[in-house]
Amino acid sequence: MLLNLEHLGLAVRDLPAATALYTRLLGQAPYKTEHVPSEAVDTVFFRVGGSKIELLAGTNAESAISKFLEKKTEGLHHVAFEVEDIEVEMARLRAEGFILLNDAPKRGADNKLICFVHPKSAGGVLVELCQSIKTEPTE
Ligand code: CMX
């Protein structure tokens with residue numbers, strides 16, 4: 001069961017300019033910036049109610065974001081849903097005929113395990129599943 005609209009991912013060309021724009025638009029500063037080498041992206045996160053906006057800029061030409069922006073304009077790149085158990089949800093979606101882009105969950109930004117669903121099998125929308133990684137309390 002998908003739990004929550006966790007975030008909307010927006011592809012941007014100029015991260016500092018987009019960060020300034022969304023800071024003015026949302027009336028608040030981002031709560032986090034993070035470089036995610038495995039995805040070749042730099043990210044900036046804003047809280048919006050119970051959800052988030054993730055700005056994404058590619059860090060090299062092979063990044064999914066750079067490739068996306070070769071063909072499309074800046075804007076919505078993916079919709080991310082929070083799940084309780086990502087492996088259970090991946091099995092459910094696979095059985096429903098969705099095409100998963102990862103065989104196993106991988107580590108994403110903002111302390112999450114993630115998996116993407118191909119937009120061709122999801123109504124033209126790139127869908128991300130994400131599960132928070134529980135961190136053990138330190139003594
Ligand atoms: N949303 C909707 N459609 C998209 C899309 C997106 N974000 N990205 C590509 N597409 C469409 C293309 O327009 C194209 O459609 P047409 O054939 O109608 O022109 C089709 O998907 C291309 O599919 P493909 O050839 O199989 O794949 P691509 O090489 O274009 O790669 C994708 C697309 C989704 C498989 C790839 O970007 C991917 O694996 N994404 C997952 C990882 C990712 O996006 N990482 C960045 C975010 C990381 C983070 O959130 O931290």
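Numbers here are sequence positions counted from 1. Quantities reported herein were computed from a predicted structural model and do not represent experimental measurements. Ligands are counted one by one from 1 in listed order, and the atoms in each one are counted from 1 as well. All values below come from the heavy atoms of this structure, side chains included, with hydrogens, waters and symmetry mates left out.
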Return yes if some donor-acceptor pair links the side-chain N/O of [X] with the main-chain N/O of [Y] below 3.5 Å, else return no.
X: Asn102; Y: Phe116; answer: yes
X: Arg13; Y: Leu69; answer: yes
X: Ser63; Y: Val41; answer: no

Do the non-hydrogen side-chain atoms of Glu84 and Leu3 ever get within less than 4.5 Å of each other? yes
How far apart are the closest heavy atoms of Phe68 and Thr73, and which atoms are they?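 Heavy atoms only, the tightest pair is CE2-O, 3.8 Å.
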Before you tell me yes or no, could you show the steps for Glu6 and Lys112 under salt bridge (charged side-chain N to carboxylate O under 4.0 Å, His left out), namely the whole-Å CA-CA distance, both residues' side-chain angles and the distance that decides it to 0.1 Å? CA-CA 11 Å; Glu6 215 281 336; Lys112 305 279 189 223; 3.2 Å; yes
Mind checking the [atom1]-[atom2] spacing from [X] to [Y]? Nearest 0.5 Å is all I need.
X: Leu56; Y: Asp42; atom1: CG; atom2: CG; value: 9.5 Å
X: Leu113; Y: Cys130; atom1: CG; atom2: SG; value: 9.5 Å
X: Leu10; Y: His78; atom1: CG; atom2: NE2; value: 8.5 Å

How far apart are the C-alpha atoms of Lys67 and Glu70, what are their side-chain angles, what is the distance that settles it, and do they pass the salt bridge (charged side-chain N to carboxylate O under 4.0 Å, His left out) test? CA-CA 5 Å; Lys67 288 186 171 169; Glu70 276 172 18; over 6 Å; no
Can [X] be said to touch ligand 1, with heavy atoms closer than 4.0 Å?
X: Lys120; value: yes
X: Gly108; value: no
X: Val36; value: no

Give the atom numbers and elements of ligand 1 that come within less than 4.0 Å of a heavy atom of [X].
X: Leu126; answer: 1 (N), 6 (C), 7 (N), 34 (C), 44 (O)
X: Glu128; answer: 50 (O)
X: Glu54; answer: 49 (C), 50 (O), 51 (O)
X: Gly124; answer: 2 (C), 3 (N)
X: Lys72; answer: 13 (O)

Could you find the nearest protein heavy atom to atom 6 (C) of ligand 1 and give me its residue, atom name and distance? Phe68 CE1, 3.6 Å
Protein heavy-atom partner closest to atom 39 (O) of ligand 1 - residue, atom, separation in Å: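 Residue, atom and distance for the closest contact: Leu101 CD1, 3.8 Å.
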Under 4.0 Å from [atom], is there at least one protein heavy atom?
atom: atom 4 (C) of ligand 1; value: yes
atom: atom 44 (O) of ligand 1; value: yes
atom: atom 23 (O) of ligand 1; value: yes
atom: atom 19 (O) of ligand 1; value: no

Residue-level breakdown please: for [X] versus ligand 1, do any non-hydrogen atoms fall below 4.0 Å on the side chain, on the backbone, on both, or on neither?
X: Leu56; result: side chain
X: His77; result: both
X: His78; result: side chain

SB check Lys106 Glu39 (cutoff 4.0 Å):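 A salt bridge is present here (some side-chain N lies under 4.0 Å from a carboxylate O).
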Would you check the N or O atoms of His7, main chain and side chain alike, for any that come under 3.5 Å of an N or O of ligand 1?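 No, there is no polar N/O contact under 3.5 Å.
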